[in-house]
Amino acid sequence: MKYTLFLLFTCLVCACTQTQDNQSSSDPDVNNVKVTVNIQRLDKDLFVCKSKDELLSLFKKQPTFFTNYFQVTPEGFDKLADQLLPLVQNQGLRDFYNQSQEAGFFGNQNLENDFRTAFQHLKYYYPDFKEPKIYTIFSGFFGQGVLPNRELIISDTAIYIGLDYFMGKKGKFIPDIYDYQLRKATPESIAPLSILLLSQKYNLTNPKDKSLLSDMIWYGKSYVFAHTMLPKKADTLFIGYSGEQLAGSYEFQKNIWAHFIDSQLLYNTQDPIKAKYVGERPLTPEIGKDCPGSIGRWLGWRIVGKYFDENENLTIQELMKQSDAQKIFEASKYKGLPDEE
């Protein structure tokens with residue numbers, strides 16, 4: 001099963017480290033949970049290749065990765081080598097890649113440490129969890145706009161990471177995306193976004209419920225799940241808001257909630273309407289000129305977080321199995337008040 005990154009790309013300083021204060025803060029001791037974090041640095045293997053034959057040799061050593069990531073069959077490896085060789089020999093791209101190996105980007109152990117923490121929590125809560133292998137690549141945005149989801153691909157057995165897509169605003173080059181999307185295109189965002197995608201495997205929903213509320217609760221459960229697996233990560237890394245936007249959402253949540261109620265949005269089933277509140281957008285002007293996009297996702301997080309926090313005997317496994325959005329909403333007793341938690 002493969003999960004693609006709809007969350008990231010579609011072709012107040014204190015707030016930056018703020019966590020959902022309506023979500024349970026208890027964190028189990030997972031230090032003794034044994035996991036394997038296997039990161040195959042194919043980006044390094046790629047950039048030591050000096051000839052077409054060396055590229056072809058690399059492709060044959062990792063045929064599954066190169067077939068899946070570049071969307072070619074093994075019969076197409078010869079053409080792929082012709083396309084990639086000029087790139088890895090290009091000095092500008094090599095400079096960009098060398099920048100990625102600096103300590104401030106991927107020349108450290110942060111990626112491995114983040115995934116170890118996430119995998120330890122996942123195995124603690126789900127003992128049958130099998131750690132996927134992690135593969136990194138750096139291709140200078142090869143195929144952007146043509147090949148889907150080059151930045152992050154998740155399956156039950158593997159995680160493919162295009163490091164070049166996660167260099168953020170400080171990278172020598174940036175992918176062809178909007179400024180607001182760059183907030184989720186940083187090295188520290190990779191593990192949170194990966195676990196959000198992995199949450200889909202566990203997140204049950206009622207396929208017959210097409211309401212906006214159902215979508216909001218589904219996203220809310222995803223965020224609570226991901227934050228449970230990476231409890232020390234800032235909310236901004238999951239939701240993609242700036243610290244100022246996150247603080248403003250808390251401050252004006254009564255107004256946000258009032259808009260949803262006054263406009264009778266919760267049970268709306270029209271896709272164009274729902275997309276305005278849970279789709280990828282820079283802002284939600286229907287509520288206010290400074291209201292961040294995907295505000296319905298954040299609101300769902302508030303609702304589910306409150307429900308999860310106030311039901312101390314409820315486990316994360318049980319939460320993810322609950323598919324009745326209306327039940328979760330009613331039990332949360334959420335009213336859009338910041339002092340509810």
Side-chain angles (χ1 to χ4, degrees), residues 3-20 96 100 104-105 141 144-145 148-154 161-197 199 212 215-216 218-220 222-223 226-227 230 233-253 255-257 259-260 265 271-302:
Y3 314 101
T4 51
L5 190 53
F6 293 115
L7 303 177
L8 179 56
F9 298 126
T10 53
C11 286
L12 349 170
V13 172
C14 60
C16 291
T17 55
Q18 182 178 11
T19 57
Q20 284 285 123
F96 185 26
S100 76
F105 293 95
F141 316 128
Q144 185 175 15
N149 310 110
R150 295 307 89 203
E151 64 279 356
L152 191 60
I153 302 173
I154 307 289
I161 305 168
L163 297 181
D164 39 329
Y165 289 92
F166 289 97
M167 295 286 285
K169 292 183 178 180
K170 295 181 179 180
K172 290 182 179 294
F173 303 99
I174 60 175
D176 186 19
I177 58 176
Y178 296 104
D179 286 345
Y180 79 95
Q181 293 172 315
L182 274 173
R183 286 195 293 270
K184 286 190 284 187
T186 61
E188 57 268 28
S189 298
I190 293 175
L193 293 175
S194 297
I195 303 308
L196 275 173
L197 290 171
S199 75
L212 176 59
D215 291 353
M216 291 165 56
W218 185 86
Y219 279 111
S222 296
Y223 290 125
H227 210 293
L230 287 165
K233 290 295 183 181
D235 286 2
T236 50
L237 296 176
F238 297 95
I239 195 71
Y241 290 176
S242 67
E244 184 177 1
Q245 286 179 320
L246 185 62
S249 297
Y250 275 97
E251 182 179 358
F252 295 104
Q253 67 183 288
N255 305 71
I256 295 169
W257 183 243
H259 175 85
F260 274 73
L265 292 173
D271 289 338
I273 299 297
K274 293 193 295 180
K276 292 180 179 180
Y277 299 96
V278 294
E280 278 282 339
R281 302 173 76 193
L283 298 167
T284 309
E286 291 81 5
I287 297 178
K289 64 181 180 66
D290 296 320
C291 183
S294 307
I295 196 64
R297 300 184 192 183
W298 178 82
L299 202 54
W301 191 359
R302 292 290 287 162

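Everything quoted here is computed from the prediction, not taken from an experiment. One-based numbering along the sequence shown.
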Item to check | Glu280/Arg297 under side-chain contact (heavy atoms from CB on, under 4.5 Å): CA gap, chis, key distance, verdict | outcome: CA-CA 10 Å; Glu280 278 282 339; Arg297 300 184 192 183; 3.9 Å; yes

Checklist entry - What is the distance from atom OH of Tyr250 to atom CG of Asp235, rounded to the nearest 0.5 Å? => result 5.0 Å

Item to check | Tyr241 side chain near Ser249 side chain, heavy-atom distance below 4.5 Å | outcome: yes

Item to check | Distance-minimising heavy-atom pair for Phe260 and Ile287 | outcome: CE1-CD1, 4.0 Å

Next on the checklist: Is any side-chain heavy atom of Leu283 closer than 4.5 Å to one of Gln245?
Outcome noted: yes

Checklist outcome for this item: Output for pair (Thr236 OG1, Glu188 CD), nearest 0.5 Å, gives 8.5 Å

Next on the checklist: Show the nearest heavy-atom pair for residues Phe166 and Glu151, with the distance to one decimal.
Outcome noted: CE1-O, 3.2 Å

Checklist entry - Mind checking what makes side chain to side chain donor-acceptor pair (under 3.5 Å) contact with Glu286, not counting sequence neighbours? => result Arg281

Item to check | NZ (Lys274) with more than 12 external heavy atoms under 6.0 Å | outcome: yes

Item to check | Test log, rule side-chain contact (heavy atoms from CB on, under 4.5 Å), inputs Glu244 and Asp290 | outcome: CA-CA 10 Å; Glu244 184 177 1; Asp290 296 320; over 6 Å; no

Item to check | Phe173 vs Met167 side-chain heavy atoms within contact, under 4.5 Å | outcome: no

Checklist entry - Roughly how far, to the nearest 0.5 Å, is OG of Ser199 from OH of Tyr219? => result 10.5 Å

Checklist outcome for this item: Heavy atoms of Ser294 and Val278 approach each other most closely as OG-O, 4.2 Å

Checklist entry - Once you round to the nearest 0.5 Å, how far does OG1 of Thr186 lie from CG of Leu193? => result 8.0 Å

Item to check | Pairwise distance CG(Leu182) to CD1(Ile174) - rounded to 0.5 angstrom | outcome: 5.0 Å

Checklist entry - What residues form a side chain to side chain contact (heavy atoms under 4.5 Å, CB included) with Phe252, not counting sequence neighbours? => result Asn255

Checklist outcome for this item: On a heavy-atom basis, the closest approach of Ile154 and Leu197 is CG1-CD1, 3.4 Å

Checklist entry - Looking only at heavy atoms, what is the nearest atom pair of Ser242 and Arg183, with distance? => result N-NE, 3.4 Å

Checklist entry - Between His259 and Tyr277, what is the ring plane arrangement, given parallel below 30°, perpendicular above 60°, and tilted in between? => result tilted

Item to check | Euclidean distance, Asp164 CG relative to Lys172 NZ, rounded to 0.5 Å | outcome: 15.0 Å

Checklist entry - Would you call the rings of Tyr165 and Phe141 parallel, tilted or perpendicular, where under 30° means parallel and over 60° means perpendicular? => result perpendicular

Item to check | Close side-chain approach of Phe238 and Ile195, heavy atoms under 4.5 Å | outcome: no

Checklist outcome for this item: Taking every heavy atom of Pro175 against every heavy atom of Gln144, the minimum-distance pair comes out as CB-NE2, 3.7 Å

